[in-house]
Amino acid sequence: MATNFANQVWKITKQIPKGKVVTYGQIAKKFQISNFKFQIDPRMIGWMLHANRDPKIPCHRVVDRNGRVADNYSFGGWEEQVRRLKSEGIKFIDEMHVDLKKYQWSKF
DNA sequence: AAAGTGACGCATT
DNA sequence: TAATGCGCCACTT
């Protein structure tokens with residue numbers, strides 16, 4: 001940990017505004033247009049967050065491209081992730097899907 | 001030091 | 001429309 005790559009992931013994740021979400025693909029894409037010469041896979045993004053499970057990082061604001069939360073969420077399962085998102089004002093289409101049209105952070 | 005593992009995404013079948 | 005396969009690289013053991 002504390003690799004350059006991990007730091008970037010965390011940095012980006014921390015920048016996600018409250019009440020917004022981003023997809024793994026978005027983050028991966030950002031690496032492509034950034035300094036990174038490597039081709040970054042969406043998998044690695046989630047992998048980093050899961051492997052490090054740092055409480056300081058709002059990883060509940062990261063969902064997949066369908067707006068679905070991670071079923072293997074580290075801090076108490078996906079229901080905990082849903083609970084956190086709801087407490088930020090995010091509404092859910094169904095039990096596990098957020099409304100990406102409304103809440104996706106498109107600042108990238 | 002090497003191998004296994006993985007919160008995804010896209011193209012193809 | 002749903003299911004399957006592959007790509008890709010850091011992290012853990």
Side-chain angles (χ1 to χ4, degrees):
Chain A
M1 43 168 49
T3 63
N4 192 26
F5 174 67
N7 275 325
Q8 299 250 9
V9 173
W10 300 335
K11 188 175 179 181
I12 291 174
T13 306
K14 285 180 189 170
Q15 290 173 359
I16 305 172
K18 181 181 175 186
K20 292 287 181 182
V21 298
V22 297
T23 67
Y24 301 98
Q26 275 184 293
I27 299 178
K29 200 171 186 178
K30 182 168 181 63
F31 278 103
Q32 292 179 4
I33 63 178
S34 300
N35 312 325
F36 261 75
K37 54 181 190 289
F38 305 116
Q39 189 171 7
I40 301 302
D41 276 290
R43 270 193 172 189
M44 297 174 18
I45 309 298
W47 176 247
M48 300 299 305
L49 297 174
H50 182 72
N52 287 285
R53 58 186 195 276
D54 189 333
K56 297 195 302 290
I57 299 177
C59 45
H60 56 280
R61 298 188 186 136
V62 185
V63 297
D64 70 10
R65 75 181 188 84
N66 301 115
R68 200 183 111 117
V69 300
D71 47 348
N72 290 320
Y73 185 69
S74 297
F75 304 98
W78 61 266
E79 35 182 31
E80 172 65 15
Q81 181 176 10
V82 169
R83 205 172 65 81
R84 292 191 184 203
L85 290 173
K86 281 183 178 173
S87 73
E88 295 184 353
I90 294 181
K91 292 190 171 64
F92 279 70
I93 297 176
D94 62 36
E95 246 192 346
M96 294 185 72
H97 291 76
V98 305
D99 191 342
L100 273 187
K101 293 194 305 296
K102 281 187 175 181
Y103 304 111
Q104 186 173 56
W105 189 40
S106 50
K107 181 177 179 297
F108 283 129

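What you see is a predicted model; the values in this text were computed from it and never measured. Lettering of chains follows the sequences in order, A, B, ..., and the numbering in each one begins at 1.
- Counting any heavy atom pair closer than 4.0 Å across all strands shown, Asn72(A) reaches a base atom.
- Taking 4.5 Å as the limit, every side-chain heavy atom of Thr13(A) sits out of range of all side-chain heavy atoms of Arg61(A).
- Taking the charged nitrogens against the carboxylate oxygens, Lys20(A) and Glu88(A) have no contact shorter than 4.0 Å, which rules out a salt bridge.
- Put simply, CG on Asp64(A) is 11 Å from P on dC10(B), counting in whole angstrom units.
- One atom, CD1 of Ile27(A), and another, P of dA10(C), lie 16 Å apart when rounded to the nearest Å.
- Atoms CZ (Phe5(A)) and P (dC8(C)) sit 15 Å apart, rounded to a whole Å.
- Following rounding to the nearest Å, Leu49(A) (CG) and dC8(B) (P) show an atom-to-atom distance of 11 Å.
- We find that CD1 of Ile45(A) is positioned 12 Å from C1' of dG9(B), with the value rounded to whole Å.
- Summarising the geometry, the separation between CH2 on Trp10(A) and C1' on dA10(C) is reported as 11 Å, rounded to the nearest angstrom.
- Position along DNA chain B of the nearest nucleotide to Trp47(A) versus Gly25(A) favours Trp47(A) as the more 5'-ward residue.
- Interface remark: the Arg43(A) side chain does form a donor-acceptor pair with the dG7(C) base, using a distance-only criterion of under 3.5 Å.
- Rounded to whole angstrom, the span from the CD atom of Gln8(A) across to the P atom of dC9(C) amounts to 16 Å.
- In this structure, the CG atom of Asn66(A) is 13 Å from the C1' atom of dA7(B), given to the nearest Å.
- In this structure, the nucleotide among dC11(C), dA7(B), dC8(B) sitting nearest to the side chain of His50(A) is dA7(B).
- Closest to the side chain of Met44(A), from the set dC8(C), dC9(C), dA7(B), is dC9(C).
- In this structure, Arg65(A) reaches the dC10(B) phosphate: one of its side-chain N or O atoms is under 4.0 Å from OP1 or OP2.
- Using a cut-off of 4.0 Å between Lys/Arg side-chain N and Asp/Glu carboxylate O, Asp41(A) and Arg43(A) are scored as not salt-bridged.
- Listed nucleotides dA7(B), dC11(C), dG7(C) differ in distance to Asp41(A); the shortest reach to its side chain belongs to dG7(C).
- Val62(A) pairs with exactly one of Val22(A), Ile12(A), Val9(A), Thr23(A) by the side-chain contact (heavy atoms from CB on, under 4.5 Å) rule, that one being Val22(A).
- Here the side chains of Arg84(A) and Tyr73(A) are in contact, with some heavy-atom distance below 4.5 Å.
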